[in-house]
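Just so we're on the same page: letters track the sequence lines, and every chain starts at 1.
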Number of protein chains: 2
Amino acid sequence: MEMAAMRTDANRAAILAHLGARGPASRADLARALDLSPALLTKLTRDLLADGLLNELEHQPSRGGRPARQLGLASNAIGAIGLKIAPDHLTLVEVGIDGVVTRTSTAGFDATDRLALRSLVDITTGFIGEGDHSQLLGIGVGLPGSVLGQSEDLVDSTQLQWNQVPLGSALRSATGLPVLIDNNVSALALAEALYGVGRGHEDFLVVTIGSGIGAGIVANGAIVRGHTGNAGEIGHIPVVENGPLCQCGAAGCLEALIGQAGLMREATARGIVIGGTLADVTALADGGDHDAQGVFTAAGKLLGRAIAGVVNTLDPQIVVVLGEGASSWRHWSRGFEPSFRAALIPRKRGVEVAVEAWQDDRWAQGAACLVLGTPFDATGVSGEQGERIRTRLTEVRDTEASA
Amino acid sequence: MEMAAMRTDANRAAILAHLGARGPASRADLARALDLSPALLTKLTRDLLADGLLNELEHQPSRGGRPARQLGLASNAIGAIGLKIAPDHLTLVEVGIDGVVTRTSTAGFDATDRLALRSLVDITTGFIGEGDHSQLLGIGVGLPGSVLGQSEDLVDSTQLQWNQVPLGSALRSATGLPVLIDNNVSALALAEALYGVGRGHEDFLVVTIGSGIGAGIVANGAIVRGHTGNAGEIGHIPVVENGPLCQCGAAGCLEALIGQAGLMREATARGIVIGGTLADVTALADGGDHDAQGVFTAAGKLLGRAIAGVVNTLDPQIVVVLGEGASSWRHWSRGFEPSFRAALIPRKRGVEVAVEAWQDDRWAQGAACLVLGTPFDATGVSGEQGERIRTRLTEVRDTEASA
DNA sequence: TAGAGTATCTTTAGTAGTAAACAAAGGAGT
DNA sequence: ACTCCTTTGTTTACTACTAAAGATACTCTA
């Protein structure tokens, strides 16, 4: 038992995370993927095998040379918790290190309540349960807002009406686990980068259509959060002059026009529904109502022009459309596609737009990826909490070894 | 004389580049700035001092402890060449490793000529001169267009009417020097990051107002080039529906409205000038002509709304306005400021806008920074040519040592 | 069936880097 | 003057990693 090496070992963590995320691989595969020498992989995998964290699987049929010995993760008990905070409910998931959701839970919640933080902590600890947390690497939290400061502690959110809420320290002291908090769209973008369509792309854009319009930006392989953590607010791109007033105070924001509220105002103005919800409009459009479809087509047209501006600015390889609204995408699409393509610079006109089927717990899964993605983060920018996660990953090794 | 260590030594290079860019510093300063251990700095600076590349300067007055020994660059002969390519002329500069321009030259040039590449190479080699190039780290090239492929070899530019021109290999074989090519606005952004207003900022935006409108984007401390190298094309953000036709084929692009051509069209339509150039309109505005000023005010208003969208999307800490057009910024500003601030999300409303005085050779200086910035590039993404530059930096050490 | 070829893994010898203890050179309080 | 404090720079002992050469285990070809 080595007494030394209490330090974080990013490479051991990276090996485990890679095997978890991408499935079994040979030492040579890992060396190439992680950009390490084969020699080092021999040594590191020897340790991990001895510690019982890795298994040597069957030989792979030779591809012209010595056949590869596949290595697989022995412990599938390593995972993370993902928490999505919405104004009126919480979604919790437990995911394995391969990104697969193993458990889900939803709970009512009032973000504006005086005891909201207390209630959130209780619900979370209840979900995690008593007993042994040694397999959990940490908790990832996604919320509609931004995180202040390097300590990633104080949270701001207009949608939740939160101002400098000490969410991080509250969860941390209650659970003893590392906690990473981020904007929910950024978390979703990270999930796409690790396990979704974005995998292997250095530059892509995730557009979410929900109650508002948001974007997760990945450039140079990294999430763009901006200086104050407010990057991705494409809902507030000005699109029409003297347009309807937006929550943000400006006039003519994209979101004011085609956010859920904007769509309803338009549907009501056109006399398609009286009262009712957006689901009613969607149902009408699905049923073939041309007027209802027209609402989405017009919205798609505006969205297309706005996203084209973003694509011209950022030059992503792919645009992923996601969110509750994506389920009615075929109505949006009629307006989106022509106006989007027409406004792109010629070289980008073929850029791929991928629409992903939407599951509700996807947000929480994305939040969990904040934790699962940390070992991949070569630059180690995730700060102190990220350091703690990497440390935990190697600690798991020690407890397994001693057991 | 060590026979070994033919490998690139990024840290030795980083020490030299840091001293060049930021001026003399103590070993302890360097250790903090480069995030290396004091122990390593003792060793590396010992080598560099022995090789005659560094000088030990006077002691710094103590700040409560042992006084620091300042280290300074012994050789100020290390530098790079910067080349800016415009449709009708070339600008060349020689800059020292501290970013200061030591020599300038401009030459007429026709980018559409059949022998343009040959002529470009001749002018460049003429500027560099015969004889010893050992002090030159490399050549940086900035052009209005994008670079294809990882080899950074083939160049595309609609403005120059170039299609897959093998600029890199041509310059490389003619001079024997490493050549780095990039979009001119990206190069300018890099210069700002290293020696300008952007220094110390991880996220900022450089907006250029020239014949067109462009942007250099820095996010997470790195230049955003996008997947095809076409990031920053904010000139083609759609701003008005059914607007004037743009060169790019779309209608209502920002550039079509407020690029040089757009401004002239507007000035002509308003009857301010008949024929003439933009300089005439600027002169009238400078002289107090309200109609002429109105052209700029209207343009500033449009620019403000568009840039606000970009700032909402990317959340930069600072916006730098630059370029030929920046000299008439006080006329733009009247329209820009109110519309810009009004369209920002509340949290970003105080974002700083810095307008930089404009010198013509600034573009070429930015191009040179592609070379000078390479040693700083911790991730080493600049590819093979960047590797060659870092190698050259240590080679200089060897030749100085043997001399 | 005996190479030739090729890809995987291992060993060896060496470099780059760090932490920690120590030495050096001053300032500030008593 | 003497001690304590602070910061700088150096030495020592160690870890992490790599390159290069070799060992291993297969396929393919003649």
Side-chain angles (χ1 to χ4, degrees), chain A residues 1-15 19 24-50 54-72 375 378 380 387 390-391 394 397, chain B residues 1-15 19 24-50 54-72 375 378 380 387 390-391 394 397:
Chain A
M1 179 175 208
E2 320 100 294
M3 212 48 218
M6 215 48 210
R7 282 225 337 281
T8 297
D9 189 330
N11 283 336
R12 280 186 181 83
I15 289 171
L19 291 175
S26 70
R27 292 171 182 79
D29 290 337
L30 288 167
R32 280 185 295 264
L34 303 176
D35 204 27
L36 298 171
S37 66
L40 184 59
L41 259 117
T42 293
K43 185 154 53 162
L44 294 181
T45 53
R46 182 161 44 212
D47 291 0
L48 293 170
L49 282 165
L54 251 46
N55 277 336
E56 206 155 43
L57 306 177
E58 75 288 350
H59 290 204
Q60 195 79 346
S62 162
R63 301 192 294 274
R66 172 175 173 174
R69 283 166 189 76
Q70 298 280 98
L71 297 171
E387 206 61 26
R390 281 186 281 265
T391 311
T394 52
R397 180 169 63 103
Chain B
M1 178 175 210
E2 319 101 294
M3 212 48 218
M6 215 48 209
R7 283 225 336 281
T8 297
D9 188 329
N11 284 335
R12 281 187 180 81
I15 290 172
L19 291 175
S26 70
R27 290 170 183 80
D29 290 337
L30 288 167
R32 279 184 295 265
L34 303 177
D35 203 27
L36 298 172
S37 65
L40 184 58
L41 259 116
T42 293
K43 185 155 51 164
L44 294 181
T45 54
R46 183 162 43 213
D47 291 0
L48 293 169
L49 282 164
L54 250 47
N55 277 335
E56 206 155 42
L57 306 178
E58 75 288 349
H59 289 204
Q60 197 79 346
S62 161
R63 300 191 296 273
R66 172 174 172 175
R69 284 167 190 75
Q70 298 282 99
L71 297 170
E387 207 61 26
R390 281 186 280 264
T391 311
T394 51
R397 181 167 64 103

Those residues that, when tested against B:Arg69, pass side chain to side chain donor-acceptor pair (under 3.5 Å) (two or more places apart):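 So B:Arg69 forms no side chain to side chain donor-acceptor pair (under 3.5 Å) with any residue.
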Qualifying residues under side chain to side chain donor-acceptor pair (under 3.5 Å), relative to B:Arg46, sequence neighbours excluded: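 Side chain to side chain donor-acceptor pair (under 3.5 Å) list for B:Arg46, sorted by chain: empty.
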[X] [atom1] to [N] [atom2], straight-line distance once rounded to whole Å:
X	N	atom1	atom2	value
A:Glu56	C:dT8	CD	C1'	12 Å
A:Leu36	C:dT10	CG	C1'	16 Å
B:Leu71	D:dG9	CG	P	7 Å
B:Arg27	C:dA24	CZ	P	15 Å
B:Leu44	D:dT11	CG	P	14 Å
B:Leu49	D:dT10	CG	P	9 Å
B:Lys43	C:dG17	NZ	C1'	7 Å
A:Ile15	D:dA16	CD1	P	13 Å

Show your reasoning for whether side-chain contact (heavy atoms from CB on, under 4.5 Å) applies to A:Arg27 and A:Glu56. CA-CA 10 Å; A:Arg27 292 171 182 79; A:Glu56 206 155 43; 2.9 Å; yes
Which part of the nucleic acid, if any, lies within reach of [X] when heavy atoms closer than 4.0 Å are counted: base, sugar-phosphate only, or nothing?
X	answer
A:Leu41	nothing
B:Ala68	sugar-phosphate
B:Ala39	base
A:Asp35	sugar-phosphate

Check whether any side-chain nitrogen or oxygen of B:Arg46 sits under 4.0 Å from OP1 or OP2 of D:dT10, and answer yes or no.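 Answer is no, no contact under 4.0 Å.
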Taking only side-chain N and O atoms of B:Ser26, does any of them lie within less than 4.0 angstrom of OP1 or OP2 on D:dG9?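 It does, given that an N or O in the side chain of B:Ser26 lies less than 4.0 Å from OP1 or OP2 of D:dG9.
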If you round to the nearest 0.5 Å, how far is CG of B:Leu40 from CG of B:Leu36?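 Interatomic distance, B:Leu36 CG to B:Leu40 CG, rounded to 0.5 Å: 5.5 Å.
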Show each protein N/O and nucleotides 21-25 of chain D N/O combination with a separation under 3.5 Å, one pair to a line.
from, atom 1, to, atom 2, distance (Å)
D:dT24, O2, A:Arg66, NH1, 3.3
D:dA25, N3, A:Arg66, N, 3.4

Measuring only between side-chain heavy atoms, which start at C-beta, is B:Ile15 closer than 4.5 Å to B:Leu30?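 They are in contact (side-chain heavy atoms under 4.5 Å apart), so the answer is yes.
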Dump the intermediate steps for side-chain contact (heavy atoms from CB on, under 4.5 Å) on A:Leu71 and A:Asn55, then the final yes or no. CA-CA 6 Å; A:Leu71 297 171; A:Asn55 277 336; over 6 Å; no
B:Asp29 or B:Leu40: which one's nearest nucleotide on DNA chain D is closer to the 5' end?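 Comparing both residues, the 5'-ward one is B:Asp29.
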Where at least one partner belongs to residues 32-44 of chain A, residue pairs that pass salt bridge (charged side-chain N to carboxylate O under 4.0 Å, His left out), sequence neighbours excluded: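 Passing the test, one end in residues 32-44 of chain A: A:Asp29-A:Arg32.
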